[in-house]
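The structure appears below as structure tokens.
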Amino acid sequence: MLVLVVDTATPAITAALAEVTEEGTRVLAERVTVDGKAHGERLAPQIEAALTEAGVKPRDLAAIVAGTGPGPFTGLRVGLMTAAAMGNALGVPTYGVCSLDGLGAPLSGHALVATDARRKEVYWAVYADGVRVDGPHVDRPAEVSPGAATTAVGQGALVYADVLGLPVPPDEPIYPSAFELARLAAPRILSGEPGERLVPLYLRRPDAVEPGARKHVS
Amino acid sequence: MSSVPLVLGIETSCDETGVGIVRGHTLLGESLASSVDEHARFGGVVPEVASRAHLEAMVPTMQRALDQAGVTLADIDAIAVTAGPGLAGALLVGVAAAKGYALAAEKPIYGVNHLAAHVAVDTLEHGPLPEPAIALLVSGGHSSLLLVEDLARGVQPLGATIDDAAGEAFDKVARLLGLPFPGGPWIDKAAREGDGASITFPRGLTGPRDQAEHRFDFSFSGLKTAVARWVEARERDGERVPVNDVAASFQEAVCDVLTAKAIAACRDRGVDTLVIGGGVAANSRLRVLAEERAAKYGIAVRVPRPKLCTDNGAMVAALGSHLVAAGVAPSRLDLPADSAMPLTSVVA
Ligand SMILES: [Zn+2]
């Protein structure tokens, strides 16, 4: 089955076309650019490019998989809205996968995954042999409790390596992998499980303050 | 199959998620979801709250509009979306949705100017717009006077507010008077029981000196402060505040300036059509005063019904339909949301 994968939970803007079968998952075409401010501009052309490269028409898609974050809200919403609109237009199911799992799923042993949450905070989760056992959370790096993790992965882990105090393996990706997101959704896709509404993992409430008493002008 | 293209419009520039479907000048279906109640306790639109609400509301709103029009996405010939101006995060949700729909359905996309859409929506009510026309757009987000010579190519701004938007002034004065948010309809209602001539509030940028520099600009900040001072003085003296009279006098000051400048623009440019749009166009006094003053100079006033004046998807579809009919090239798939999109570009 042909599956479109998108993730916009980090500065990486990811669009991929994957084939999911009983035998396994493989990525047929992929476009990734890193630009924390251009999700809105880049994602759609990248989807189109990935489809074109694989010679696939949108109507050939059987499902759409989207990373649901956590991630900076504005960029995250671009991926989820685009995925939801395409799913709605094509009448195919949409499946959400926690974006941190796109980094944590292939890791063996105990590992911390951390991405940049801006405002000097990280989004983080702890994995045991690829399974998320804690998180996702958003905290200051000093407040992260990595449990039994012996390594840390992700752009946040790299930026705050000093505070987190965990070694960052140089060969691991720092942004969620489209292949892993597709692989994690594969059982649901193959069993024909109904799709779900794509709900962002915001983890933070909107910044908004209720106005106080009326200010006097004179 | 009709030869007139079927155009879908998506609007998310502020707190309304709107989808409209138009063929030519005919509105076939529209749906609107508003997050206004979620903003009420903050006394104004909270951008992040609006953006979250757009994401949640988009697909159901789209479905309702399609169902109402009795069409499917496959029947749509082009998709138009508000690319700006507006709240950056909110615009981005609508643009992302439009791109997703356009990609999946393999249709052209038009990223359009929200203010031009406020003008175009009148075609759904009154047919083709005579050009040139003067447009007065007044809402919580904008207060602009525009010269519309060719709606498909660009609109010329003549003037705009230099501080608060007209609708914002309504909200702030309503709050001052203990009336709910959004303030427009409540001020209008209270004003009907009051005397608009009872208190003389200032008319911003109407002095002789302003005629040179700010002839077609607006200012409502001084008015708002004057109302606050007046109310506070009564409260300090332990007097009852005549809410209806204050509302009526404030509304009279706003409508007086708006219509005087709009008519002056028509006469200055030799234009005999005035279109009024935006949420404040729903104000009953503004409509009456505009028609009264326009009649003196043989100017025709076109105001769409209130539901089309406030932000909605139909207005975006109406502009899209106009652009398709005029043979304007669609936008590219990398079109940005532009919170400060200039009026000189109708299509992004
Ligand atoms: Zn508007």
Side-chain angles (χ1 to χ4, degrees), chain A residues 4 6 8 15 33 37-52 57-61 64 66 72-92 94 197-200 202 204-218, chain B residues 10 12 38-39 41-44 46-52 54-56 58-60 62-63 66 72-74 76 88-107 109 172 175-176 178 224-229 231-233 235-236 332-337:
Chain A
L4 176 70
V6 299
T8 56
T33 50
K37 285 188 158 66
H39 296 75
E41 288 90 330
R42 296 267 182 99
L43 181 64
Q46 287 184 198
I47 294 172
E48 191 178 48
L51 291 173
T52 305
K57 290 277 179 196
R59 58 177 169 276
D60 301 330
L61 295 171
I64 297 173
F73 310 153
T74 307
L76 177 60
R77 273 191 290 264
V78 167
L80 296 184
M81 187 69 261
T82 308
M86 291 188 72
N88 180 222
L90 297 168
V92 301
T94 54
R197 202 163 62 84
L198 299 172
V199 180
Y202 287 122
R204 283 182 186 137
R205 300 170 68 81
D207 284 329
V209 274
E210 290 185 40
R214 201 172 93 209
K215 278 202 289 284
H216 284 247
V217 291
S218 50
Chain B
I10 295 174
T12 64
E38 295 172 58
H39 306 289
R41 68 196 167 103
F42 302 110
V46 181
E48 176 60 22
V49 172
S51 299
R52 291 185 180 196
H54 286 309
L55 176 61
E56 274 181 44
M58 181 55 68
V59 169
M62 173 66 65
Q63 209 50 59
L66 289 167
T72 67
L73 276 162
I76 302 290
L91 289 166
L92 208 50
V93 177
V95 171
K99 289 181 180 181
Y101 284 112
L103 252 174
E106 300 181 75
K107 307 293 180 186
I109 182 172
K172 286 174 180 169
R175 187 152 176 264
L176 200 73
K224 173 197 71 192
T225 307
V227 175
R229 287 222 169 90
V231 169
E232 279 164 19
E235 285 173 344
R236 224 179 4 248
R332 287 164 29 150
L333 213 44
D334 64 354
L335 85 101

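Chain A is the first sequence line, chain B the second, and so forth, proteins listed ahead of strands; every chain is numbered from 1. Computed from heavy atoms alone, side chains included, the values below leave out hydrogens, waters and symmetry copies.
- Residue A:R59 holds its CZ atom at 5.0 Å from CD of B:E106, rounded to the nearest 0.5 Å.
- Contacts between B:R52 and chain A at a heavy-atom distance below 4.5 Å involve backbone atoms as well as side-chain atoms.
- Proximity to chain B (any heavy atom under 4.5 Å) is restricted, for A:R205, to the backbone atoms N, CA, C and O.
- Rounding to the nearest 0.5 Å places CD of B:E48 at 10.5 Å from CZ of A:R204.
- The choice from A:Q46, A:M81, A:H39 that makes the most heavy-atom pairs within less than 4.5 Å of chain B is A:M81.
- To the nearest 0.5 Å, the span separating CG on A:L51 from CG on B:L103 amounts to 7.5 Å.
- The most heavy-atom pairs under 4.5 Å with chain B, out of A:L198, A:T74, A:L80, A:V78, come from A:V78.
- Only the side chain of B:Q63 has a heavy atom closer than 4.5 Å to any heavy atom of chain A.
- Closest approach of A:A84 and B:V59 over heavy atoms only: O-CG2, 4.0 Å.
- Of the two parts of B:L73, only the side chain, counted from C-beta on, holds a non-hydrogen atom closer than 4.5 Å to a non-hydrogen atom of chain A.
- Here the straight-line distance linking atom OH of A:Y202 with atom CG of B:L55 works out to 5.0 Å at 0.5 Å rounding.
- Under the salt bridge (Lys or Arg N to Asp or Glu O under 4.0 Å) criterion, no residue pair touches residues 83-92 of chain A, with sequence neighbours excluded.
- In terms of heavy-atom proximity, A:A89 sits nearest to B:Y101 at CB-CD2, 3.7 Å.
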Report, one line per pair, each donor and acceptor closer than 3.5 Å where one atom sits in a side chain of residues 88-100 of chain B; sequence neighbours left out.
unit_1: B:K99; atom_1: NZ; unit_2: A:G40; atom_2: O; d: 2.6
unit_1: B:K99; atom_1: NZ; unit_2: B:L333; atom_2: O; d: 3.0
unit_1: B:K99; atom_1: NZ; unit_2: B:L335; atom_2: O; d: 2.7

